[in-house]
Amino acid sequence: MRSAEIRRRFLAHFEANGHTVVPSAPLPFDDPNLLFVNAGMVQFVPYFIGQQAAPFKRATSVQKCIRTQDIEEVGKTTRHGTFFQMNGNFSFGDYFKAEAIKLAWELSTKSQDDGGFGLDGDRIWATVYFDDEEAIDIWHRVIGLPMERIVRRGKADNFWSMGIPGPCGPCSELFYDRGPDYGPDGGPEVDEDRYMEFWNLVFMQNERGAGSTKDDYPILGELPAKNIDTGMGMERMAALLQGVDNLYEIDETRPILDKAASLTNKRYGEHSGHAANQSHPDDVRLRVVADHVRTALMLVGDGVTPSNEGRGYVLRRILRRAIRSMRLLGWDDRALPELFPVARDCMSASYPELATDFERITMIAYSEEETFRRTLAAGTTIFDTAVTAVKASGASVLPGEQAFKLHDTYGFPVDLTLEMAAEHGLSVDTEAFHRLMTEQRERAKADSKANKSAHGNSPAYRQLRDLGETIFIGYTDLTTETAVRGIVADGELVTRAKEGQIVEVVLDETPFYAESGGQIADEGLITGDGALLRVLDVQKPLKGLIVHRVEVAEGEIGTGAVVHAQVDPEWRRSARQAHSGTHIMHAALRQVLGPTALQSGSYNKPGYLRLDFAWGSALNEATKRDVEEVSNRALRADLAVTVQHMPLARAREIGALALFGENYDTDVRVVEIGGPWSRELCGGTHVDHSSQVGALTIVGESSVGAGVRRVEAFIGLEAMRYLANERALVNAVSETLKVPPAEIGDRVSTLVERLRTVEKELERNRVAAVLAGAGALASQAQEVAGKQLVAVQAPAGVAGNDLRTLALNIRGRLDQSRPAVVVLTSDVDGRVHFVASVNPSGQQAGVSAGALVKEFAPVLGARGGGKADLAQGAGGDPSKAADALAVVVRSLSASA
RNA sequence: GGGGACGUAGCUCAAUUGGCAGAGCACUGCCUUUGCAAGGCAGGGGUUGAGAGUUCGAUUCUCUUCGUCUCCA
């Protein structure tokens, strides 16, 4: 049975049993503590912890998940994959243990003809928490599972919590016996390879307290509303139903593996035993490729782009690991263009957007491979020099420091270092390498820990949020009378704030828009009770909590005070223009460049907007003009801006654009400009008609990373002012150059050209003037101790580099077969500049320009120095020049 | 968020305790040669990313800033 069919049957089974089908949340999730969604229940957490009322009693989903903690183990074992899909069913205070167990059992064992998975019930085992008699009873008496296939397990295996105080509870896991080929008898306690876990049922029934370790915490009491959270591993079920050993061999990954094998002329499984730990390194590499390529496809599909931090870094690592695994298999060409289309064909049955979005996805992924190839090329040269150095020193071990530096600074993977070192007959000090890696890891960890305790998720916010949601009325009103619900100073709840303090204030309701969706926070005032608060920033640290950072400009403010909140209307008007302008620019970009140019981030504030979008190359002038033209035509057309609320699914149906990485509620706000002309999910504040935006002018276009470009524009009055400025500038230049504006370009380039020629000419003349006296000075050469010596005062005003040129020229005029020494001084604005130069013959005779300078410079009271062939310096008293030159003569005759 | 490295001619890169900014390829001209990565000679091309500091003197050292690459969290 194919994975897509497993998915379909799963959802159908639970939908038929009263569950609402909820689409998968995007992988990048709106939670600072979570890089990616890593379990099916993540998007339902607010319902489980009671922060929000669940809109449905029962839900089911197939959730995309990513786990990278064990990325090094991928391919080596059968159980680790970086991407997987968790099929789940959830109950929020509705059905509990009996129903959950029954639903799971039914679907697992129902015959395939009847829409089930058709597993043999006699080969299913269940584990339960050791004292969960209720679950044991259900398994045995209701389902009919014999007692010998019900296994009691401890807290580590069969008790679930989120790792922090909150809901928790026992679990029950379903295992399938894959038969004696896979390992010894005896159930999951003996061998979890033969007995494969495929479904975990969590019975959320208790409250847990704080604890020190993973399974050391008190279980406090029973929850008032009990919940069910289950997870059936899609890949595991697929492996069972497709009769393959592991998740790398199911229908959604095996074709990628086969493609990699055929490219590299490998035969998968040729050298490996049946058990996972008997895998040949090539087989491990093939599995890594299959796993990582699929994961990367899903990540890029969900809007993640490679970068050097956060989510983007995880993606980069995965892509690069895939590429270098191919390299280790012997494939040096571009690998991703061969593999991504295969991965797309594997996954698009369940995720059709991968096919429609494929051009954008590959643009990002392939350009990352190009970047990596450049990195590898640079690293290889550095590697080669390191190897030559090691060989030259007669050693046979490449130091760990070298391997670490290659990895840390130049991004050259250590496994490639190992492989290439071996080709040169060298080993690598891996112990030192790992020590350095650990040091770096600890540095980063210590830092992030120090950072977390500093600010982060303050409990004060949580307390305030528990008092209820802040009501946002800013879509319709800019002022309101309301009460101060709480004040936070330095992360602590306080009751009062004095004049001059900067604190955070939470109100019962607010017209202030908190920064989100790229729109900057509102500015304005909060007054009342004799106090005047200037609003500096507005943020939403928790869902449903709006926090105003304010400066207490006058008076004092206390909790409970009735205040008047007033958004600056001018500010808001401009902010609305900018935000609507962003949508218009986005639509215009997609109209001109095609649907690939999808927004990946934005920022807008009064008068200004910035939009990042997926695109591989710089926009030329004509394209920028086109985008501007389309945008401004939309403004002129005076399109109506409308806002409506609808279910997320409906919004997707009508093609509303959703931003990557944003987490949307099931009920979303859709902003339309001219109906279908621009349709985006957005919580921002907008104008009523596009003409109110006024004007839009692009002022910059740049790159923000591989495959992402950024446009910046001015909006409304700012756009007009910008253009007016430009016009004034052009007029000024036109007037100065005395040419019409249209001819400025030509005029400037001829001017620059001419200036350059004249400067060259001037330079030549100056040098010629300096060198004019060279012959005369050279003729003043004297013989001192068998050496030619020119030690003279050059004309005044010949400074630094010119003096050097002169000295070298004079030196060139002397007999090169014999030692020649030139020392010149010059009076430059009351300071002496001097140069000494010795020809090669003179250096051989033991005369050093540097040493000479050190001898006579003190006579002048100056400093200088240099090398044997040339030395120079400056400073001191010009009247001592003759004395200094005399020192030179004495020194030369003495050295003879 | 923390660490490392790099910004030099159109491109790829040099420049030994701070002391004449170079090479190869590309470009222009001439010569040689009937051509398909030809040879010779000559030449043009630089604000050493930007700004400040230390110094007689900074591509080199220090600080700031911008950009690129990279590792870790």
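Note that the structure is predicted; figures quoted are calculated from it, not measured. A, B, ... follow the sequence lines: proteins, then strands. Residue 1 opens every chain.
- When the P atom is compared between C41(B) and A37(B), the two are found 22 Å apart, to the nearest whole Å.
- Within the nucleic acid shown, Gly310(A) comes within 4.0 Å of at least one base atom, counting heavy atoms only.
- Within the 4.0 angstrom heavy-atom criterion, only backbone atoms of the sugar-phosphate kind lie near Gly411(A); the bases stay farther away.
- Across all strands shown, G46(B) forms no Watson-Crick or G-U wobble pair with both key distances under 3.5 Å.
- Side-chain atoms of Asp815(A) and Gln788(A) form no donor-acceptor pair, as typed in the model, at a separation below 3.5 Å.
- An OP1 or OP2 oxygen of U70(B) is reached within less than 4.0 angstrom by a side-chain nitrogen or oxygen of Arg316(A).
- Atom-to-atom, NZ of Lys867(A) to P of C20(B) comes out at 6 Å; the value is rounded to the nearest Å.
- Checking the phosphate oxygens (OP1, OP2) of A21(B), a side-chain nitrogen or oxygen of Arg804(A) falls inside 4.0 Å.
- Rounded to whole Å, the separation between the P atoms of G51(B) and A9(B) comes to 16 Å.
- Contacts of Gly875(A) with the nucleic acid, taken as non-hydrogen atoms under 4.0 Å apart, are absent.
- With C1' as the reference atom, G10(B) and U70(B) are 27 Å apart, rounded to whole Å.
- With hydrogens and angles ignored, no donor-acceptor pair closer than 3.5 Å exists between the side chain of Asp869(A) and the base of G19(B).
- Checking C41(B) for Watson-Crick or G-U wobble geometry (two distances, each under 3.5 Å) identifies G29(B) as its partner.
- OP1 or OP2 of A73(B) has at least one side-chain nitrogen or oxygen of Arg317(A) nearer than 4.0 Å.
- For the OP1/OP2 pair of C20(B) and a distance below 4.0 Å, the side-chain nitrogens and oxygens of Arg811(A) include no atom meeting the criterion.
- The six-membered or imidazole ring of His292(A) lies away from that of Phe83(A), with a centre-to-centre distance of 6.0 Å or more.
- No N or O donor and acceptor, one from the side chain of Asp408(A) and one from the base of U70(B), sit under 3.5 Å apart.
- Applying the 4.0 Å criterion to OP1 and OP2 of U70(B), one finds that Thr375(A) has a side-chain N or O inside that range.
- For the ring pair (Phe, Tyr, Trp, His ring centres under 6.0 Å) condition, the pairs that include at least one residue of residues 848-874 of chain A, sequence neighbours left out, are Phe834(A)-Phe856(A).
- Salt-bridge formation is not detected for the pair Lys880(A)/Asp883(A): no Lys NZ or Arg NE/NH1/NH2 atom is positioned less than 4.0 Å from an Asp or Glu carboxylate oxygen.
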